[in-house]
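Here the structure is a predicted model, which means the values were calculated and not measured. We use all heavy atoms of the structure for the numbers below, so side chains are in, but hydrogens, waters and symmetry mates are not. FYI, the numbering just counts along the sequence from 1.
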Amino acid sequence: MSLWEIIRRLYPYVLPYKRLVLSTLLLTLVGSLAAQVNPFVLRYTVDTVQGLLDAHKGLAQGLDLLIVVSALLLGKEIVNTFIQFGQKFYGEKIRINVSSTLSQDAIHKLLGYQLGFYSESGNQTGKLQTRIDRGVESLMKLVQNFFIDILPLFANAVVALVIMFTANVYVGLVALFILPIYFWISYRQADKLNGTRRALRSLREQKSQGLVNLIDSAVVIKSFVREDYEEEKQNQLQQNLQEAQLQTRKTNFLYDGLKTFVEQVGVVLIIILTAYLVLDRQISIGAIMFHILLFNNVSAPIRQLHRIYDEMNEALTYSEGFFDILDADDAKEATGPIQPDQVRGTFEICNVDFTYPSGTQALYDVCLTIEEGKTTALVGLSGAGKSTIINLLCKFYEPDRGKMLLDGRPLADYDTHALRQRIGLVLQKNHIFKGTIEENIRYGNMHATFEEVVEAGKQAYLHQQIMELPKQYQSDAQQLSGGQQQRIAIARLFLKNPPIIFLDEPTASLDAIATEQIKNSLDAIKQGRTVVIISHSLAQIVDSDCIYVMKQGRMVESGTHDELYDMKGTYREIFDASARSLNIEKIARVMADDGDEVMDTAG
Ligand code: ADP
């Protein structure tokens, strides 16, 4: 991205603050004029003092001069304080406002993108956050540089240079001659730092990431006794960081020294030239100080040049990644015109192929029908494509090929948000937001009253457990156990009350008791709704109205449990393996013995 392009992109963001921008520019102009007062006052003072001395006059006559000069300098400083405050404050106000609009814009766009966008390489959670943070930060540095640094400093420099030229062309030329050398050194400095800064930044990230990983993997590290190994890895990083830090400092000190030297050469040249001109009686003695101070105004901004250049480079690098996020229009979630008043929930899927954005083809020529008001189970080994079907039904992704209908109309034609309002999704692990239990349950229906939240808690067999907590519904939801969190997801479902429910292994990570309780609450909610369930638990599959069996992305069998069992195909294989893993024969024997004992005692 070129600088021009960045400015063009930032323009609409800065436009609402037109007045602020104009005020800042005006203050900048006044400020740069005020900055030139000192050289004038000093020249006047020196020349007047010289005149008094030449006329053999003393302190008594000079008193008026002192009062005038003090008043002038003090007055100018007071004005300057206001100008600087206004300029910095307005500049900062523009920066802060633009930065929050940019961040909010990125969040708005992100929320509207398809799920596929998040899994693209370069968009994964951490990377996306870094791209946004870095992008906004570097763009804002650019805005700040422009309004707070570049503009005032360069306005100062230009005004000072013009005054120098007007006062004396030769002195002006000397100042002008020094500038390109100064520019060149600054450019070299920025160029050198560019590489090392980037390396430094990457090392810092690695270091902080390393630390986070250490904490995350503490249990594994300790259990394998790999403390020394991990410490050595961190040590190596630290060493590299140290070297990069030293290298940056070295470059800075070297070039800063060089610039000071060139600047001093400029000062010396100006002293020699102005002294010569004074002796030649072309200018007054006050002009020596006059020109030295003006030259200082010219060189001050250029002293900062390497930093400005460096930050500009950074903005060029990071803004591209940031604007890519804003511009990913093709990742926007598709939606359709149909606003369904009443969804019945008959899905027909026909000849559907689907490939994830990563390139993995997950479905091949899949056909199935999900009937309204019935429970349909999807069965298959891990990776067979069951969750992918649910992803397509929720419109998280679009199929590559094939037909998907809901109540006889293309799924793509439904308004995506309206459709999802009518679907309840419970996954193996559901996200619990930071906040209270009440807030987390209410996510199912933002307008629910507290009584409705409690009712949902009861239906999800969670209420009793919540009441035993010290803060009850106000307890931190993230502190709950896996089973309790799962029940929060089900309570959300009760509150949302959707006609269609998708359950993707809702009890896979739970203990037997929790599984049974959750099965009970799910059985309660299933009544009269269209349900699709994926589960490895036979209990939840066998009484489904229809079972579809998938294998490596293809639909291989379908029917009721009895039909599929008799077919002796994939379903039977999975069923038998599950039964064996549960050691069902032994369990059955134990239960039968138990039954006999009961009969004996009864007899
Ligand atoms: P199942 O639910 O039957 O275990 P999935 O539908 O989750 O299987 O996965 C089917 C295939 O798609 C697998 O090969 C899996 O690796 C792949 N897959 C699943 N989710 C994604 C994703 N977000 N991006 C890329 N590939 C995926």
Side-chain angles (χ1 to χ4, degrees), residues 115-135 137 193 195-250 314 317-318 321 356-360 362 381-384 386-388 427-435 440 475-486 488-489 504-515 536-537 577-578 580-583:
L115 279 189
F117 179 82
Y118 305 112
S119 53
E120 273 172 35
S121 73
N123 287 352
Q124 282 119 6
T125 332
K127 288 189 189 164
L128 211 51
Q129 168 145 26
T130 316
R131 272 170 69 188
I132 295 179
D133 290 351
R134 284 268 173 74
E137 191 187 325
L193 283 179
T196 41
R197 282 250 170 91
R198 209 159 283 175
L200 196 63
R201 206 177 308 119
S202 143
L203 283 167
R204 282 212 180 102
E205 274 164 26
Q206 282 179 38
K207 182 97 183 90
S208 59
Q209 198 116 67
L211 214 57
V212 173
N213 283 345
L214 272 189
I215 297 165
D216 281 351
S217 47
V219 175
V220 181
I221 296 173
K222 283 180 188 294
S223 69
F224 282 96
V225 199
R226 292 282 180 264
E227 285 92 341
D228 290 346
Y229 170 72
E230 292 295 336
E231 195 176 327
E232 184 46 39
K233 261 201 323 201
Q234 292 300 313
N235 187 26
Q236 198 57 47
L237 265 179
Q238 191 68 50
Q239 300 259 326
N240 295 343
L241 191 64
Q242 241 170 319
E243 271 169 38
Q245 275 171 326
L246 264 180
Q247 187 60 35
T248 317
R249 291 278 181 280
K250 199 169 105 189
E314 196 156 301
T317 316
Y318 291 120
Y356 277 104
S358 64
T360 310
L381 301 182
S382 243
K386 307 176 297 288
S387 308
T388 304
L427 305 172
Q428 179 175 346
K429 191 144 181 29
N430 296 279
H431 188 75
I432 299 297
F433 292 93
K434 200 172 161 44
N440 265 282
S475 315
D476 179 359
Q478 287 184 329
Q479 300 295 334
L480 296 176
S481 72
Q484 289 167 331
Q485 293 192 352
Q486 200 64 353
I488 288 205
D504 192 348
E505 305 197 34
T507 56
S509 56
L510 302 182
D511 58 64
I513 304 283
T515 301
H536 289 299
S537 149
S578 300
R580 279 196 302 276
S581 72
L582 284 175
N583 208 349

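With sequence neighbours excluded, the residues that form a side-chain contact (heavy atoms from CB on, under 4.5 Å) with D133 are Q129. Taking F433 as the reference, H431, Y443 meet the ring pair (Phe, Tyr, Trp, His ring centres under 6.0 Å) condition, with sequence neighbours excluded. For S481, the side-chain contact (heavy atoms from CB on, under 4.5 Å) test picks out Q484, with sequence neighbours left out. Applying the side chain to side chain donor-acceptor pair (under 3.5 Å) test to S217 and every residue at least two apart in sequence or in another chain returns nothing. Legend: residues meeting side chain to side chain donor-acceptor pair (under 3.5 Å) with S387, ordered by chain and number and at least two apart, are D504. Every residue was checked against the side chain to side chain donor-acceptor pair (under 3.5 Å) condition with S382, not counting sequence neighbours, and none meets it. For Q234, the side-chain contact (heavy atoms from CB on, under 4.5 Å) test picks out K207, L214, L237, with sequence neighbours left out. With sequence neighbours left out, the side chain to side chain donor-acceptor pair (under 3.5 Å) criterion links E231 to no other residue. Applying the side-chain contact (heavy atoms from CB on, under 4.5 Å) test to E232 and every residue at least two apart in sequence or in another chain returns N235, Q236.
Side-chain atoms of T360 do not come within 3.5 Å of backbone N or O of Y356 as any donor-acceptor pair.
With rounding to the nearest 0.5 Å, the separation of CD1 in I432 from CG in L480 is 7.5 Å. In this structure, CG in L381 is found 7.0 Å from NZ in K386, a value given to the nearest 0.5 Å. Put simply, CG on L427 and CD on Q486 are 8.0 Å apart, with the number rounded to the nearest 0.5 Å.
Screening residues 215-230 for salt bridge (Lys or Arg N to Asp or Glu O under 4.0 Å), with sequence neighbours left out, gives E230-K233.
Minimum interatomic distance between G435 and N440 (heavy atoms only, all atoms of both residues): O-ND2, 3.9 Å.
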